[in-house]
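Working notes for the structure below.
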Amino acid sequence: MTTQAAGSGRTQQKRRTRTAIVAAARDLVDSGAEVTMPAVARAALVSEATAYRYFPDLPSLIGEALTGAWPPPAEALAPVADSADPVERVAFACAFLLRGILAREGAVRAMIAATVTRPGGENVRPGIRFGLIDHALLPLEGTLGATDPEAFAQLKRDLAVVVSAEALFTLTDLCGLAPDEAVASAVRTARTLTEAAVRAVP
């Protein structure tokens with residue numbers, strides 16, 4: 001075997017190993033189970049040390065596993081695409097995001113934990129909420145966004161607090177709500193915030 005052929009073989013093996021690790025992580029993410037590097041390594045049939053050679057930390061692995069998992073905002077909000085009511089659109093966006101988080105709960109919790117224990121790690125989190133909020137509020141761009149840009153920006157910040165995994169887990173873990181009740185509670189709050197902003201439009 002030539003040196004070139006040997007090198008090509010090693011490259012292909014590395015590619016297969018990386019693909020196996022990402023696929024194992026994606027399967028765990030889709031299952032909603034807790035996602036840890038040891039669990040991913042076991043599922044990929046590699047050692048934990050091997051997994052860390054390809055991904056320096058769990059957030060970077062989960063981030064790659066989540067690539068393509070969420071649809072673009074326009075696609076996600078397609079069921080309310082014909083609605084010009086920002087309240088209805090925000091409510092739908094909130095429910096969509098939170099139910100998606102519940103479906104990937106283990107991975108989302110792992111990403112949040114990494115952000116808390118390693119400040120600066122928030123940059124690897126997908127930030128899906130911001131695109132959904134922006135798209136949901138498109139009907140207000142020409143009204144509140146034009147007449148009071150700061151109030152419009154504040155509404156987006158307020159919604160980012162509510163339309164979030166952190167809010168969902170506060171409601172389930174600390175307030176003791178069942179998942180469906182937690183989603184409904186967050187949606188009510190998102191609706192209330194948006195309704196208040198709409199009433200303020202001249």
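Heavy atoms only: backbone and side chains are in, while hydrogens, waters and symmetry mates are out.
- The backbone N or O of Ser164 sits nowhere less than 3.5 Å from a side-chain atom of Arg129 that would complete a donor-acceptor pair.
- Grouping the Ile, Leu, Val, Met, Phe, Trp and Tyr side chains by contacts below 4.5 angstrom, directly or via other members, places Leu140 apart from Leu138.
- Annotation: the span from Ser47 atom OG to Tyr52 atom OH amounts to 11.5 Å, rounded to 0.5 Å.
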Side chain to side chain contact (heavy atoms under 4.5 Å, CB included) for Val40 and Val46? Distances and angles first, verdict last. CA-CA 9 Å; Val40 171; Val46 300; over 6 Å; no
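- Looking at Asp173 and Arg109, a side-chain N of the basic residue comes within less than 4.0 Å of a carboxylate O on the acidic one, giving a salt bridge.
- Side-chain contact of Glu166 with Thr170: a donor-acceptor pair under 3.5 Å is absent, judged by distance alone.
- Residues Pro71 and Phe96 approach most closely at CG-CZ, 3.7 Å, considering heavy atoms.
- No continuous path of ILVMFWY side-chain contacts below 4.5 Å connects Val108 to Leu171, so the two sit in separate hydrophobic clusters.
- Taking 4.0 Å as the cut-off between side-chain N and carboxylate O, Arg104 and Asp30 do not count as a salt-bridged pair.
- Neither side chain, Arg10 nor Gln13, offers a donor N or O lying under 3.5 Å from an acceptor on the other.
- Of the inter-residue distances, the one linking Thr67 atom OG1 with Ile62 atom CD1 reads 12.0 Å to the nearest 0.5 angstrom.
- When side chains are defined from C-beta on, Asp134 does not count as touching Pro73, because their heavy atoms never get closer than 4.5 Å.
- Formation of a donor-acceptor pair under 3.5 Å by the Arg89 side chain with backbone atoms of Val80 is found in this model.
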Quick one, Phe152 with Thr147, criterion side chain to side chain contact (heavy atoms under 4.5 Å, CB included). Give me CA distance, side-chain angles, the key distance, then yes/no. CA-CA 9 Å; Phe152 192 41; Thr147 60; over 6 Å; no
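- For the residue pair Ala65 and Val29, the shortest heavy atom distance occurs at CB-CG2, 4.5 Å.
- Ala197 and Leu144 make their closest contact through CB-CD2, 4.1 Å (heavy atoms, listed as atom of the first residue, atom of the second, distance).
- No more than 12 heavy-atom neighbours from other residues, nucleotides or ligands sit within 6.0 angstrom of CD on Glu34.
- Across all non-hydrogen atoms, the minimal contact from Pro86 to Val198 is CG-CG2, 3.7 Å.
- Counting heavy atoms from C-beta outward, Phe130 and Lys156 have side chains that stay 4.5 Å or more apart.
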Please tabulate, for the side chains in residues 174-190, all donor-acceptor contacts under 3.5 angstrom to protein atoms that are two or more places apart in sequence or on a different chain.
{"from": "Asp180", "atom 1": "OD1", "to": "Arg99", "atom 2": "NH1", "distance (Å)": "3.0"}
{"from": "Glu181", "atom 1": "OE1", "to": "Ala178", "atom 2": "N", "distance (Å)": "2.9"}
{"from": "Thr189", "atom 1": "OG1", "to": "Ser185", "atom 2": "O", "distance (Å)": "3.1"}

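- Residue Leu193 holds its CG atom at 7.0 Å from CG of Leu155, rounded to the nearest 0.5 Å.
- In this structure Arg53 satisfies the side-chain hydrogen bond (donor to acceptor under 3.5 Å, both in side chains) test together with Thr50, sequence neighbours excluded.
- If you take CG on Asp148 and CD on Glu150, they are separated by 7.5 Å, rounding to the nearest 0.5 Å.
- Taking the side-chain hydrogen bond (donor to acceptor under 3.5 Å, both in side chains) definition, one finds that Glu48 meets it with nothing, sequence neighbours left out.
- Connection of Ile112 to Ile128 is established within a shared hydrophobic cluster, with ILVMFWY side chains joined at heavy-atom distances below 4.5 Å, either directly or through further cluster members.
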Step by step, would you call Lys14 with Thr11 a side chain to side chain contact (heavy atoms under 4.5 Å, CB included)? CA-CA 5 Å; Lys14 287 181 179 179; Thr11 299; 5.8 Å; no
Evaluate the side chain to side chain contact (heavy atoms under 4.5 Å, CB included) criterion for residues Leu97 and Ile101: first the C-alpha distance (whole Å), next the side-chain angles of each, then the deciding distance (0.1 Å), finally the verdict. CA-CA 6 Å; Leu97 180 79; Ile101 289 168; 3.9 Å; yes
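- Among Val22, Thr19, Ile21, the one residue that satisfies the side-chain contact (heavy atoms from CB on, under 4.5 Å) test with Tyr54 is Ile21.
- Closest non-hydrogen pair, Arg191 versus Glu88, comes out as NH1-CA, 4.4 Å.
- Closest of all the heavy-atom pairs between Pro79 and Phe92 is CG-CZ, 3.5 Å.
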